[in-house]
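Here is the structure we will look at, set down as structure tokens.
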Protein chains: 2
Amino acid sequence: MKTSITVAIVEDKEPIRQSLAILVDGAEGFSCQATFETAESALDYLPDHCVDVVLMDIDLPGMNGIDCVRHLKTRCPNTQFMMCTMYDEDETVFEALKAGANSYILKRSPPHKLLEAITELHEGGAPMSSTIARKIAGSFHVNTSAPNELDVLTPREREILDRLSKGHSHKEVANELFVSPTTVRKHIFNIYEKLQVHSKVEAVNKYLGRK
Amino acid sequence: MKTSITVAIVEDKEPIRQSLAILVDGAEGFSCQATFETAESALDYLPDHCVDVVLMDIDLPGMNGIDCVRHLKTRCPNTQFMMCTMYDEDETVFEALKAGANSYILKRSPPHKLLEAITELHEGGAPMSSTIARKIAGSFHVNTSAPNELDVLTPREREILDRLSKGHSHKEVANELFVSPTTVRKHIFNIYEKLQVHSKVEAVNKYLGRK
DNA sequence: CCGACAATACCGCATTTGCATGATTTTTAA
DNA sequence: TTAAAAATCATGCAAATGCGGTATTGTCGG
């Protein structure tokens, strides 16, 4: 007989917490080990009683679910965290992933989907509600049709800018490329003109695509 | 009667292409509009005959599937691209997402899963094979247990570093903060010592968390 | 109370950098 | 083939920067 997936639930609203617990505990192969009303109580208990999966609400009184995950993840590295919330705002999603969550599903998902997701999470997947998954995938997309400012630079200029971006000085770049420092300075001057900037930091910011 | 999801397939290996086409065309609600052996032939045909979903192999002779997506995405903005490949290497996955793919599944997925994924993709989801999804989610994770180098900085130093990161000079920062330029220089000097760097660009790189 | 630290400020020096002007050679594109 | 663009190098100046030392004031924890 294979052992059940152990689950904990962090959710402040009584009825939801109860029904989640009943759903999990009633299903074959799942075992609800603990439920918490607050992030603080979860932080108190879970580090000493690690479970396989934690269902974490985000909108909690006091500490929110994301910060709770951030703290727990370091103490329970083998626990998987499933954010379980009403909202699908961009920032919340990405903050949760940064904090260490491996799954993000909306509460409106039907019960059987939730159990499926828990299983998938435990088996090494990262189940996401479809709108969330689309957001995440889309966040990588870079619009190639929008002409990149850097296109106006020549390959040589990009080469030099790349080394500047690593913190190298005029002289260092000159040595690396086996050219005169004055040549490098000339290139940098040209780069500044093309990018409409007046210092290394500004140029590097544009190069690395941060505003 | 609702219309079928129109599909195109780009896959160089004959048997796989055939069986995918048969699978898609044979299923209720799906219609395989075209199949291609190469990225080039797909680029030639698809812009004038946009479909709902394209199943794209990555490892193609000539142009690879990722570059093919990059080009097609701008011409068929409403088409969804599903990368469909044997491998799950990190770089490939992220390059595909950057190129505009919304889904990435491994060929070893069973047929019914593939059809499910096409439907989910068409309905606004971003179906991923579980190992892929985990990679993507994990790519956001920042290890908070590793003490942040920036923690050694005082609030004032961070304030100054933040302005430096925007490309401001000593003097500008001094004016913004209503302190003497020499004070700012002293702070910067201290920052350099704490972060073990020797130039603005290096300091800003550390501040913005880019190596 | 005292020591540690943060924030403020100044002086000075050598180097780096931003900006201007000009020139030669090679490569690329029209 | 001819013109434009890119890459190379030089000279010079003024300002910005990196590095070192020193000093005053205020805050905070032991």
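Here is the naming used below: chain letters follow the sequence lines, and residue numbers restart at 1 for every chain.
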Checklist entry - If you check every side-chain atom of B:Thr182, which of D:dC9, C:dA7, C:dA9 has the closest atom? => result C:dA9
Checklist entry - Would one find a side-chain N or O of B:Tyr192 under 4.0 angstrom from OP1 or OP2 of D:dG18? => result yes
Checklist entry - Starting at NE2 of B:His168 and ending at C1' of D:dA16, how long is that distance when rounded to a whole Å? => result 16 Å
Next on the checklist: Would you say that more than 12 heavy atoms from the other residues, nucleotides or ligands in this model lie under 6.0 Å from the NZ of A:Lys171, or not?
Outcome noted: no
Item to check | Under 4.0 angstrom between A:His187 side-chain N/O and D:dA6 OP1 or OP2 | outcome: no
Checklist entry - Going through the distances and angles, do B:Ile58 and B:Tyr104 end up as a side-chain contact (heavy atoms from CB on, under 4.5 Å)? => result CA-CA 10 Å; B:Ile58 289 185; B:Tyr104 197 114; 3.4 Å; yes
Checklist outcome for this item: Rounded to whole Å, CD1 of B:Ile191 lies from P of D:dG18 at a distance of 11 Å
Next on the checklist: Quick test of your reading of the model: are B:Glu159 and B:Arg163 salt-bridged, counting only N-O distances below 4.0 Å?
Outcome noted: yes
Checklist outcome for this item: In whole angstroms, the gap separating P of D:dT25 from NZ of B:Lys186 amounts to 18 Å
Next on the checklist: Using whole Å, what does the distance between atom P of nucleotide D:dC19 and atom CG of B:Asn190 come to?
Outcome noted: 12 Å
Checklist entry - Between D:dA6 atom P and A:Glu193 atom CD, what is the distance in whole Å? => result 12 Å
Checklist entry - Please give, in whole Å, the distance from D:dA6 P to A:Leu153 CG? => result 10 Å
Next on the checklist: Ignoring hydrogens and geometry beyond distance, is a side-chain donor-acceptor pair present between A:Ser180 and A:Thr182 at under 3.5 Å?
Outcome noted: yes
Next on the checklist: For D:dT17 and B:Ser199 - does any side-chain N or O of the residue sit under 4.0 Å from the phosphate oxygens OP1/OP2?
Outcome noted: no
Checklist entry - Can you check whether B:His170 has a side-chain N or O nearer than 4.0 Å to OP1 or OP2 of D:dA16? => result no
Checklist outcome for this item: Among the nucleotides C:dT8, D:dG18, D:dA6, whichever has the atom closest to the side chain of B:Arg185 is D:dG18
Checklist entry - Which nucleotide sits closest to the side chain of B:Glu157: C:dA7, C:dC19, D:dC19? => result C:dA7
Checklist entry - Between atom CG in B:Leu161 and atom P in C:dA7, what is the gap in whole Å? => result 13 Å
Checklist entry - Start at the 5' end of DNA chain D and walk down; is the nucleotide closest to B:Val197 or to A:Thr183 reached first? => result A:Thr183
Checklist outcome for this item: Among D:dT17, D:dA7, C:dA9, the one nearest any side-chain atom of B:Ser169 is D:dT17
Checklist entry - Rounded to whole angstrom units, what separation is found between the CD1 atom of A:Ile188 and the P atom of D:dA6? => result 17 Å
Checklist entry - Can a side chain N or O of A:Arg156 be found less than 4.0 Å away from OP1 or OP2 on D:dT8? => result yes
Checklist entry - Taking the nucleotide of DNA chain D with the closest heavy atom to each, which residue, B:Lys200 or A:Ile160, is nearer the 5' end? => result A:Ile160
Checklist entry - D:dA7 phosphate, OP1 or OP2: any side-chain N/O from A:Thr154 under 4.0 angstrom? => result yes
Checklist entry - Would you say the side chains of A:His168 and A:Glu176 form a donor-acceptor pair under 3.5 Å? => result yes
Next on the checklist: If the threshold is 4.0 Å, N to carboxylate O, is there a salt bridge linking A:Lys166 and A:Asp162?
Outcome noted: yes
Checklist outcome for this item: The residue, A:His198 or A:Lys171, whose nearest nucleotide of DNA chain C is more 5′ is A:Lys171
